[in-house]
Number of protein chains: 2
Amino acid sequence: MQMKTGVEQSIYAMLLLTFLPDKGVLPGEFISQQLGASPTYFQKLLRKLVHADLLMSVPGAKGGFRLKASPEQIRVFDVYEAIEGKQSLYASSGVFEDLMGIQNQNICLLSDLMAEAEQSWQSTLKRETIDSIRREIYLNCPPDHLTKLQSLIEEKMIRN
Amino acid sequence: MQMKTGVEQSIYAMLLLTFLPDKGVLPGEFISQQLGASPTYFQKLLRKLVHADLLMSVPGAKGGFRLKASPEQIRVFDVYEAIEGKQSLYASSGVFEDLMGIQNQNICLLSDLMAEAEQSWQSTLKRETIDSIRREIYLNCPPDHLTKLQSLIEEKMIRN
DNA sequence: GTATCGTGGACAATAGTTATCCACGTTATA
DNA sequence: TATAACGTGGATAACTATTGTCCACGATAC
């Protein structure tokens, strides 16, 4: 199994949008261009993020996307869940429970373990936020690159 | 993303094989029947388990499969890895690193976090063994069901 | 009114997973 | 020695999920 590439792209999209001044907005096509993603499909991902209340969308000319909440409030897990959905990594087929004659009892040989493993995975993703990653970027990126990106965004963004 | 059903089936296959007396062997077709899996595909899974040194196979008439190591030594994670392979859940595309001008430096915005999350997930799977699940089964299953299964296996198994 | 943007649905292409088949090597047994 | 039962590995097909495209539509700025 592999995480959808859409999760990575979405997290990066959120990070890009942290560069955006208040009341500014970025068109979906510009974002997908920066990430090298297919524009039409990436719009679908953006819509998922809107549905998950992570992004705000402004329709019409001069429209685009902006973060709905502050970067400190958006956990990496929120983005993950918005794209991947809420289904868990493992779902018991029930075959073995049948074989063992423990269908309706609350004994979950594997399920418990798998659920716990997934919890561990998720809790790591819940610990970090878009902001904590953004701070790392500010610390580690070459400043000239950072200002170049900043000015590119301010050039392409749309104020309301 | 979803875990392959083959992982679940393989773990159950390992559990079934713990019922097997020493020097006994179970044909792949019998195992797949018990698990309600497709016989031909399940053979492929069994071969992966053999390759991973979790199972021993005996060719020829009176052939079949048996555990290679003792159940205490086989971690749930080993089975998981044998079926899913060693690739990690997340692989950085590198697009964002390019965008940020940090291609070859050891800064891994997301990669670190994702690697840590996967570590947590895996460590839970490494904690439990086939034997620890087997013990739970012995504790929780109706004894009559257990003996019925035991005798079914002894009937179908092949001694060498 | 027109150009630009997001929205949602239908649909196609691609990739990954599951399933089937067959020719082959090995071994037990008649 | 022949034959039947089993695992092996490759080729290939069916199925499913993911990714990608297209279009008609509504909203908004100008």
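Convention: sequence-line order gives letters A, B, ...; per-chain numbering from 1. Just so you know, these numbers come straight off a predicted model, no measurement behind them.
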Notebook entry, point to check: What class does the angle between the rings of B:Tyr12 and A:Phe96 fall in, given that below 30° is parallel, 30 to 60° is tilted and above 60° is perpendicular?
Noted result: parallel
Notebook entry, point to check: How long is the line joining CZ of B:Arg47 and C1' of C:dA19, in whole Å?
Noted result: 12 Å
Checklist line | Under 3.5 Å side-chain donor-acceptor pair for B:Tyr90 and A:Glu8 | finding: yes
Note to self: What is the separation between atom NZ on B:Lys68 and atom P on D:dG7, rounded to the nearest whole Å?
What the structure shows: 17 Å
Next item on the list: Give one of base, sugar-phosphate or nothing for B:Thr40, where a contact means two heavy atoms less than 4.0 Å apart.
Entry: base
Notebook entry, point to check: Starting at CE of A:Met56 and ending at C1' of C:dT7, how long is that distance when rounded to a whole Å?
Noted result: 15 Å
Check: How bent is the helix from C:dG1-D:dC30 to C:dA30-D:dT1, comparing axes over its five end pairs at each side, to the nearest 10°?
Finding: 0°
Margin query: Using every non-hydrogen atom in the two residues, find where A:Ser32 and A:Pro39 come nearest and quote the distance to one decimal.
Written below: OG-CA, 3.5 Å
Next item on the list: Report yes or no: do B:Tyr41 and B:Leu35 belong to one cluster of Ile/Leu/Val/Met/Phe/Trp/Tyr joined by side chain heavy-atom distances under 4.5 Å?
Entry: yes
Next item on the list: Take atom CD1 of B:Ile31 and atom P of D:dC6, then tell me their distance rounded to the nearest Å.
Entry: 12 Å
Margin query: Main chain of A:Leu89, side chain of A:Glu118: is a donor-acceptor contact present, judged purely on distance under 3.5 Å?
Written below: yes
Notebook entry, point to check: For B:Ser10 and B:Leu45, which heavy atoms make the closest approach, and how far apart are they?
Noted result: OG-CB, 4.1 Å
Next item on the list: Inspect the contact between A:Arg135 and A:Asp131 and indicate whether a charged nitrogen and a carboxylate oxygen are less than 4.0 angstrom apart.
Entry: yes
Checklist line | Given DNA chain D, 5'-ward residue of the pair A:Gly6 and B:Gly28, judged by closest heavy atom | finding: B:Gly28
Notebook entry, point to check: Aromatic rings B:Phe19 and B:Tyr138: how do their planes relate, parallel, tilted or perpendicular, breaks at 30° and 60°?
Noted result: parallel
Check: When the distance from NZ of B:Lys48 to C1' of D:dG7 is rounded to whole Å, what number comes out?
Finding: 17 Å
Notebook entry, point to check: Given atom CD1 of B:Ile83 and atom P of C:dG16, what is their separation to the nearest angstrom?
Noted result: 18 Å
Item checked: Nearest-nucleotide pick for B:Pro39, side chain only, options being D:dG9, C:dT20, D:dG7 -> C:dT20
Check: Once you round it to whole Å, what is the distance between P of C:dG6 and CZ of A:Arg66?
Finding: 12 Å
Margin query: One character per nucleotide, please: for nucleotides 25-30 of chain C, 5' to 3', B when the base has a protein heavy atom closer than 4.0 Å, S when only the sugar-phosphate does, - otherwise.
Written below: BBBSS-
Next item on the list: Indicate yes or no for a side-chain donor-acceptor contact from A:Arg66 to the backbone of A:Met56 under 3.5 Å, with no hydrogens or angles considered.
Entry: no
Notebook entry, point to check: Rounded to the nearest Å, what distance is computed from the CZ atom of residue B:Phe42 to the P atom of nucleotide C:dC21?
Noted result: 19 Å
Check: How does protein reach along nucleotides 11-18 of chain D, written 5' to 3' as B (base within reach of a heavy atom under 4.0 Å), S (only sugar-phosphate), or - (no contact)?
Finding: B------S
Check: Is the backbone of A:Val95 close enough, under 3.5 Å, to the side chain of A:Asp98 for a donor and an acceptor to pair up by distance?
Finding: no
Next item on the list: Could you tell me which non-hydrogen atom of A:Ile130 sits nearest to which non-hydrogen atom of A:Leu15, and how far apart they are?
Entry: O-CD2, 3.6 Å
